[in-house]
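Note: hydrogens, waters and symmetry copies are ignored here, and every other heavy atom, side chains too, is used. First the proteins, then the strands, lettered A, B, ... as listed; each starts at 1.
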Amino acid sequence: MLRYTFFRLVQAAFVLLVMTFLLFMLIGMMPGDPVENMLEGNPALTPELARQMRELYGVGVPLPVRYWHWLTAAFQGDFGFSSLYFRPVLEILGPALLQTLKLMVATIMLSIPLSLLLGAIAALRPGGWMDTVISFFAFASISLPNFWLSLILIIVFAVQLGWLPASGTPLAETPSLGLQIYHSILPVTVLTMFFVGPLLRYVRASMIETMSSDYIRTARAKGLSETTVIVKHALRNALIPMVTVLALGFGMLFSGALVVETIFGILGMGKMIFDAIRYVDFNLALIGLLLATIVTLVSNLLADLAYAWLDPRITLK
Amino acid sequence: MSAIDTELAGIPSAPRQTIWQLRRKRFLRNKPAVIALAILLVLSALCVLAYPYSLLMELDPNETNLLMRFRPPSAKHWLGTDSLGRDVLLRLMYGGQVSIAVGVLGTLLTALIGILIGVWAGFLGGKVDAFLMRLTDVVIALPMTPVLIVLGAVDLSKLGLSQALASSPGAVFLRIVIIIALVDWTTIARITRAATIEVRQREYVKAATVSGARHLYNVLVHVLPNITTPITVAATLSVGRIILFESTLSFLGFGIVPPTPSWGNMLTNAQELVISAPALAVYPGLLIFLTVISVNFVGDGIRIAFDPRSEK
Amino acid sequence: MNALVEVDNLNLHFPIDGGFFKEKLTLRALTDVSFSVEEDETLAIVGESGSGKTTLGYAISGLLTPTSGRIKFGAALGGHSQDRPVQLVFQDPFSALDPRMMVGDIVAEPLRLQGVSRAERLQQADDVLEQVGLPAESARRYPHEFSGGQRQRIAIARALIAKPKLIVADEPLSALDVSIQSQILNLLNKIKRDRTISYLFISHDLGVVHHLADRVVVLYLGRIMEIASRQDLFATPSHPYTQALLESVPRISRGRRKPGQALKGEIPTPLSPPPGCVFHTRCPRAQEVCRRQVPELLPAPGRPEQLSACHFKD
């Protein structure tokens, strides 16, 4: 197990390194002069520094060399300044990441019980009317454009009914927890609607499979009540691999968060990346994308490890 | 010889139901899938009729008229006009052409990349397989939307294209198709690989090899025709996913650029209209939703119809 | 008789990838295997599953490359590995035929790979189908329309069309009903009468082997235990393993019978075969020498044609 963990860690680190190169290359191909971009926003900018930067990252310098300069600086903790916010990118990153994590955690906390409940109900009678309705809901969930759902919810609940705010960020300087939750209702609803579909389909399929297995028949034969059979045996068994599904859905959820944050004006990672690319903030876009990649890589890694830990049948390579 | 005679008696005199007739029958029994297919056909027909409709009603999808902004539905403008006075219905029809075209072309390219990589990995196995599957894992691990935005933001003139060419509608359209295919091929690659590995071990492939067949012959003659089912199902489902990717990208401003309409970019400014003209925010998204959910139902129907285990 | 195929000291090992951090294992499928197949002969390979029978068949047909040793085709055949005059017939008639191809195209495939024109090869396919007892109109049908026995005939037709000198038949009967088995057996015998052809008949069914084989090779854990003519093998089995195999099929064994020789235990894993004689873990006669020394394949006492690899052979 330790060996396996170590191997996967080394692998993830290697992938991350490759990703830094690819992202560095891609972001260099955004419109505008990358050097200008990297310099802008640095309050300590002097002609001398500008000349140095041109030597390191200028047009004539080959891509691998430019990448090497960036990488060595990055390892020393120097990710440069944001041309959009006129601050070091690392200062912007922390609060943004926190915002996004809040959003994602809230979504996951809602999605898990919801998908378990709906999945279990659907699996009780496959093909019955409850199953039909729930399956249609799952199809709708994976087919809904989340930006449109956001707009529709804003139109209905914020504009027409006036019940909820259209903005995801409270105006108050130090908003209370209640206010924060109040402003998060719509964004979290959109994300949950987007995330629950795949989870629910998974729970339903795995429940149907377990319900027809031998040990469920044994449990029933022992005279256990149907509720005990479903909750204690079938659902619990469906939960273990769900860890994997959840972790693999992390990247997807992050993608959804980008759209939702942009529409609801939440200053999270997604909106940060979006703005950085839109206004060609070289340093900020790079670090934002890297962090997003790290988050998904780590969640994938955890998924693999959790699966290996939880399921004793898996033999490790 | 009597033994052989009895053998002959067992040979069917007329071909039984072909597998395709069987599949069609099973698909037609699946009501949601049939309804979804009908919706798709109607929507596609609607989009194809955009040009004749514009002639008939004497409308131009891109001509702006600031005196005609936000008009309610009328005899000439069935769904009213948008913020620049253009006919909403006509722009929806043209936008649908773009969205569906991206969905279909993107899927074809996705399938091409996915099949090439999947067959390559599955048929050769060993180190090639290990490398390609690691690559697939990495691409799957990417946060899709951010990566697509970066790819959408790439300045094509930095790749050597002339400024005029880089910003032409054709280049923009192709760019969307290509960048989506670049991140979406993984599902089909995995499915193709698994199916290839299964077919590769079949004995008819071994028989051909003994008779002198090379890899390419086996792949083209034996493997590909036998793995079409899982690929068809995966490709159908990927049409819906790609339409969603395109609309999201276009909505965010990194996909199809105005004035060319697409269902996604028709919503780009809708956020500012939620008070003045909420209907404008409803139509394009509703069409995206309808198209994607229909494609997904059809894909599911194909999966069930093609699945030998669902045979009753 | 002339040797058609000579197998000389054949070894075939599969490296098992133990992952990045584990040591690599080796599966010894075949070890030091030497024998020959004569022209116009039916040579049976018998053994339990896991004995390396199928691997041997694949190696001779060129599907697997030997780790060491050689497989030589008779000088008259040129000996090129590219155009080995070998065809295969498989155990499972369902996965042996491509479900997407018409039977005519399946049967004609070896000719297609030789570059024969479509009209010509389909003509030949019709002829061969009739030779195996199927009407020519079968050519325009798909495999799923045929029964298991009919499919096996199609597979045999595909093998015959290439005019092979040797057909490797890998348990061609074991997936069929007993009544169909005898029909296919008769067909194989009829083909043998009509043309000069050798069979390498892989089987675990000694009854069938007794019915069909000229000579028999007994394989255990990738090594040859005994090679003998059918008469010698069934009348006077030399190796204790052969005796045990015959013991389990009492009807056909007319030789001396020593009670209590039925095989006990399981065949060991070829990942770590026992040292010395590979059979010693299950052998009733095993002595200390069997654990240390690999017995050579030498003639049985008084029967120079019957070779047996045992320190205490009969």
For [X], is it the side chain, the backbone, both, or neither that has a heavy atom closer than 4.5 Å to a heavy atom of chain B?
X        : value
C:Tyr58  : side chain
C:Asp170 : neither
C:Leu63  : side chain

task: Under 4.5 Å, heavy atom to heavy atom: which of residues 100-113 of chain C reach chain B? Give them by number, or say none.
output: C:Arg100, C:Met101, C:Glu109, C:Pro110, C:Arg112, C:Leu113
message: Can you list the residues of residues 182-207 of chain B that sit under 4.5 Å from chain C, counting heavy atoms only?
response: B:Arg202, B:Glu203, B:Tyr204, B:Lys206, B:Ala207
statement: CG (C:Asp98) and CG (B:Asn226) are apart, to the nearest 0.5 Å, by 4.5 Å
message: Can you tell me if B:Arg24 has over 12 outside heavy atoms packed within less than 6.0 Å of its CZ?
response: no
- line: For B:Val210 and C:Val86, the nearest pair of non-hydrogen atoms, with its separation, is CG1-O, 3.3 Å
